[in-house]
S.K.: 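First the structure, then my questions, so here it is.
Note that the structure is a prediction, hence the values are computed from the model and not measured. Along the sequence shown, the residues carry numbers beginning at 1.
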Amino acid sequence: MNCTWKAGRDAPGDTQYFLYWQNLRYDDAVECELYIKDENGRDTGCRFQNVKIGNEKSYFLVNGTSKDSLIQFYDEYVELYKIEKLMPPSNITVTCDEIKNTCIIQWQRSQISHSNKDKCFKYEINIKYKVRGIYSRTFNIKIYEGGSSHTFQRSNARKKYLLKMRTAGSACLVSSAWGDWSAPVEFGKNENPCLGLLFP
């Protein structure tokens with residue numbers, strides 16, 4: 001988990017910041033172990049490892065010190081699952097049936113620490129096809145709740161397609177914001193099956 005903040009507008013140059021957080025109500029507050037520094041060597045972020053996300057609010061406090069003036073602290077209670085950025089689905093594969101002209105898209109859901117149920121996720125599938133070496137605008141976007149596969153009906157079996165996916169929470173304690181797109185996956189055939197053949 002990464003937390004970042006900006007230095008106060010009127011903060012003196014020697015201001016240094018410290019982040020404390022309390023994950024669960026009965027846990028002790030702990031200071032950041034790995035600060036992120038700006039170009040002036042000032043702490044403006046923190047990386048936390050092995051964070052467990054539950055349904056309780058976590059408490060964050062950013063405190064500052066300076067020799068020249070008092071620095072206003074900032075604190076906030078945050079429900080971590082609401083701000084979590086979901087990774088895209090992994091192991092995306094596409095298997096096409098040349099007779100039925102259909103393709104089965106399969107994937108593995110995003111791995112998060114606090115939910116392992118398929119019904120907690122929804123997916124956006126973005127598909128483009130290639131025309132003369134240039135990809136078209138998106139022509140098929142679908143959202144599916146739960147599950148780990150989808151059957152795609154191809155309009156043209158001789159086209160090359162490009163697919164990417166992303167994830168959002170659909171229920172449970174999972175962020176409803178869309179995460180990043182996956183790396184693109186190509187499938188299908190080249191437009192011209194005769195291209196590259198030599199005739200006498």
Side-chain angles (χ1 to χ4, degrees), residues 1-92 107-117 120-126 128 135 137-138 141 143 162-185:
M1 175 177 73
N2 286 357
C3 298
T4 58
W5 57 89
K6 290 183 179 177
R9 217 174 3 199
D10 301 322
D14 73 332
T15 303
Q16 191 54 274
Y17 295 97
F18 306 92
L19 173 68
Y20 300 88
W21 85 308
Q22 186 180 22
N23 191 15
L24 299 171
R25 188 181 316 154
Y26 303 108
D27 290 349
D28 291 330
V30 295
E31 185 181 354
C32 172
E33 293 179 0
L34 184 60
Y35 282 106
I36 302 166
K37 297 185 180 295
D38 66 11
E39 62 275 2
N40 300 318
R42 185 160 41 193
D43 297 334
T44 55
C46 178
R47 287 192 182 94
F48 289 101
Q49 308 212 353
N50 303 318
V51 173
K52 291 186 179 171
I53 297 177
N55 57 3
E56 293 184 28
K57 289 185 177 181
S58 296
Y59 175 69
F60 291 85
L61 167 69
V62 178
N63 212 350
T65 60
S66 167
K67 293 176 185 172
D68 299 327
S69 67
L70 291 172
I71 305 299
Q72 176 68 42
F73 72 88
Y74 174 82
D75 67 340
E76 185 176 358
Y77 284 93
V78 177
E79 291 178 290
L80 293 180
Y81 79 89
K82 289 186 176 178
I83 61 169
E84 182 178 24
K85 189 173 186 180
L86 297 175
M87 298 296 290
S90 59
N91 297 331
I92 301 170
W107 62 87
Q108 289 182 336
R109 62 175 161 71
S110 301
Q111 299 299 313
I112 59 175
S113 63
H114 55 285
S115 179
N116 60 1
K117 298 175 182 171
C120 295
F121 300 90
K122 62 184 176 184
Y123 304 95
E124 187 169 358
I125 301 174
N126 178 303
K128 300 177 181 181
Y135 281 102
R137 289 182 295 155
T138 302
I141 296 177
I143 296 172
L162 187 76
L163 171 150
K164 57 186 181 177
M165 294 182 67
R166 61 182 181 172
T167 309
S170 124
C172 315
L173 297 177
V174 181
S175 171
S176 60
W178 287 107
D180 291 335
W181 288 104
S182 67
V185 175

S.K.: Enter the distance from Tyr74:OH to Trp5:CH2 here, rounded to the nearest 0.5 Å.
M.R.: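 Taking OH in Tyr74 and CH2 in Trp5, the distance rounds to 12.0 Å.
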S.K.: What distance do Ser58 atom OG and Tyr81 atom OH have between them, rounded to the nearest 0.5 Å?
M.R.: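 Going from the OG atom of Ser58 to the OH atom of Tyr81 covers 12.0 Å.
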S.K.: Counting only pairs under 3.5 Å, give me each side-chain donor-acceptor contact of residues 163-173, with atom names and distances, residues two or more places apart or in other chains.
M.R.:
unit_1	atom_1	unit_2	atom_2	d
Arg166	NE	Glu124	OE1	2.9
Arg166	NH2	Glu124	OE1	2.9
Thr167	OG1	Ser110	OG	3.4
Ser170	OG	Lys119	O	3.4
Ser170	OG	Glu145	OE1	3.3

S.K.: Walk me through it: do Trp21 and Val78 pass the test side chain to side chain contact (heavy atoms under 4.5 Å, CB included)?
M.R.: CA-CA 10 Å; Trp21 85 308; Val78 177; over 6 Å; no
S.K.: Can you list, pair by pair, the side-chain donor-acceptor contacts under 3.5 Å of residues 40-49, counting residues two or more places apart and other chains?
M.R.:
unit_1	atom_1	unit_2	atom_2	d
Arg42	NH1	Pro12	O	3.4
Asp43	OD1	Lys37	NZ	2.7

S.K.: Between atom CG of Asn63 and atom CD1 of Ile71, what is the distance when rounded to the nearest 0.5 Å?
M.R.: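 Result: 9.5 Å between the selected atoms.
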S.K.: Compare every heavy atom of Ser175 with every heavy atom of Leu86, then report the nearest pair and how far apart it is.
M.R.: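 Here Leu86 and Ser175 meet closest at CD1-O, 3.9 Å.
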S.K.: Could you note down all residue pairs passing salt bridge (charged side-chain N to carboxylate O under 4.0 Å, His left out) where residues 58-78 supplies at least one of them, sequence neighbours left out?
M.R.: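 Passing the test, one end in residues 58-78: no pairs.
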S.K.: CD/Gln16 to OH/Tyr35 distance, rounded to the nearest 0.5 angstrom?
M.R.: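 That separation rounds to 8.0 Å.
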S.K.: Could you walk me through whether Lys122 and Trp178 pass the side chain to side chain contact (heavy atoms under 4.5 Å, CB included) test, one step at a time?
M.R.: CA-CA 9 Å; Lys122 62 184 176 184; Trp178 287 107; 3.9 Å; yes
S.K.: Is Trp107 close to Ile125 at the side-chain level, that is, under 4.5 Å between some pair of heavy atoms?
M.R.: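 The answer is yes; the side chains approach within 4.5 Å.
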S.K.: Please say whether more than 12 non-hydrogen atoms of neighbouring residues, nucleotides or ligands are located less than 6.0 Å from CG in Leu34.
M.R.: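 Yes, because the 6.0 Å sphere around CG of Leu34 holds more than 12 heavy atoms from other groups.
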S.K.: Measure the spacing between CG of Asn2 and NZ of Lys85 and express it to the nearest 0.5 Å.
M.R.: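 One gets 10.5 Å once the value is rounded to the nearest 0.5 Å.
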S.K.: Is it the case that over 12 heavy atoms from other parts of the model lie below 6.0 angstrom from the CE atom of Met87?
M.R.: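 Atom CE in Met87 is not crowded, with 12 or fewer foreign heavy atoms closer than 6.0 Å.
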S.K.: Work out which heavy atom in Tyr17 is nearest to a heavy atom in Gly64; give both atom names and the distance.
M.R.: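 Closest pair (atom of Tyr17, atom of Gly64, distance): CD2-CA, 4.0 Å.
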